[in-house]
Amino acid sequence: MTIKVIIVDDQAMVRAGFAALLAAQPDIDVVGDAPDGRQGVEVSRRTHPDVVLMDVRMPEMDGLEAARRLLDPPIGVTHRPKVLMLTTFDVDDYVYEALRAGASGFLLKDAPPADLISAVRVVAAGEALLAPSVTRRLIADFAKQRPAPRKNPALPLGGLTPRETEVLGLIARGLSNQEIAGSLILAEQTVKTHIGRVLAKLGLRDRAQAVIYAYESGLVSPGER
């Protein structure tokens, strides 16, 4: 199945370079591009891409607001693409807010070409591009910039089993599936099953949203290990 992609970035050379790289892949089709978030939303609504590569900082409308509009569309709009944020910064507040809005992860603009191609495929497959090392940096940034969140009763965890709650907490602390399996003495496939149930029960799209949910529910606090 071909993955349809649009590229939203205010730098024409970046758009052209990414488009050439992705279009050369047999399973990726670049169906449009835009120089700012507002036009990016319009192009997405018209072309229905599977993945939107979205720059964080742009004129007219930044990537954060554009991601919100794509992932929480008005009544009557049913298409919700996966959104992969592009940034020149390792972790910044815009990226955190984009993950809260439902973006599937982020990628540095200077990442190797192979990483960009892999990122598009990973996100298109419904996975979050949030490697454990990135999760840890995100958590460190969260801890520095925000007080520990109070438990939010609007974000219930009661539907999770004790084991599922434990797995969610370990995801939020940046552990990989393999590390979670080792910590809980479980098979890695069992961990994947638990994660799938956590996402389904909490109505979350992917691992990125699970991390945000765990912090905002008060299940874990910044600085915990």
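Keep in mind the model is a prediction, meaning the values are calculated, not measured.
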I'd like to know whether R69 forms a side chain to side chain contact (heavy atoms under 4.5 Å, CB included) with M61, so could you lay out the CA-CA distance, the side-chain angles of the two residues, the decisive distance to 0.1 Å, and finally the verdict. CA-CA 11 Å; R69 295 193 184 194; M61 180 188 291; 3.2 Å; yes

Do you know the tightest heavy-atom contact between [X] and [Y]?
| X | Y | result |
| --- | --- | --- |
| A210 | I171 | CB-CG2, 4.5 Å |
| L184 | R163 | CD2-NH1, 3.5 Å |
| V211 | A172 | CG2-CA, 4.2 Å |
| M54 | A66 | CE-CB, 3.5 Å |
| A67 | M85 | CB-SD, 4.3 Å |
| V30 | L22 | CG2-CB, 3.9 Å |

Should [X] and [Y] count as side-chain neighbours, where that means a heavy-atom distance under 4.5 Å?
| X | Y | answer |
| --- | --- | --- |
| P81 | D50 | no |
| V5 | F18 | no |
| P73 | R80 | yes |
| L84 | S104 | no |
| Q11 | K109 | yes |

When rounded to the nearest 0.5 angstrom, what is the spacing between [atom1] in [X] and [atom2] in [Y]?
| X | Y | atom1 | atom2 | answer |
| --- | --- | --- | --- | --- |
| S44 | K4 | OG | NZ | 9.5 Å |
| Q25 | T2 | CD | OG1 | 12.0 Å |
| T193 | E188 | OG1 | CD | 11.0 Å |
| S183 | L170 | OG | CG | 5.0 Å |

Treating [X] as the side-chain partner and [Y] as the backbone partner, does any N or O pair qualify as donor plus acceptor under 3.5 Å?
| X | Y | value |
| --- | --- | --- |
| D62 | E65 | yes |
| T165 | T161 | yes |
| R68 | L64 | no |
| H79 | P49 | yes |
| K201 | G159 | yes |
| D9 | V14 | no |
| T47 | V43 | yes |
| S217 | Y213 | yes |

Given L86 and V56, is the side chain to side chain contact (heavy atoms under 4.5 Å, CB included) satisfied, shown in steps? CA-CA 6 Å; L86 298 169; V56 171; over 6 Å; no

Any chance you could lay out the side chain to side chain contact (heavy atoms under 4.5 Å, CB included) test for L53 and V8, step after step, and finish with the verdict? CA-CA 6 Å; L53 293 179; V8 186; over 6 Å; no

Side chain to side chain contact (heavy atoms under 4.5 Å, CB included) partner of H194, chosen from I180, L186, L160: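 Of the listed options, the one satisfying the test is L186.
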
Does the pair R197 and K192 meet the rule for a side chain to side chain contact (heavy atoms under 4.5 Å, CB included), with working shown? CA-CA 9 Å; R197 288 174 179 163; K192 291 179 181 178; over 6 Å; no

Could you note down all residue pairs passing salt bridge (charged side-chain N to carboxylate O under 4.0 Å, His left out) where residues 26-49 supplies at least one of them, sequence neighbours left out? R15-D33, D27-R121

Is it the case that over 12 heavy atoms from other parts of the model lie below 6.0 angstrom from the CD atom of Q178?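 It does not: Q178 CD has 12 such atoms or fewer within range.
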
Taking NZ, NE, NH1 and NH2 as the nitrogens, is one of them in R57 or D10 under 4.0 Å from a carboxylate oxygen of the other? no

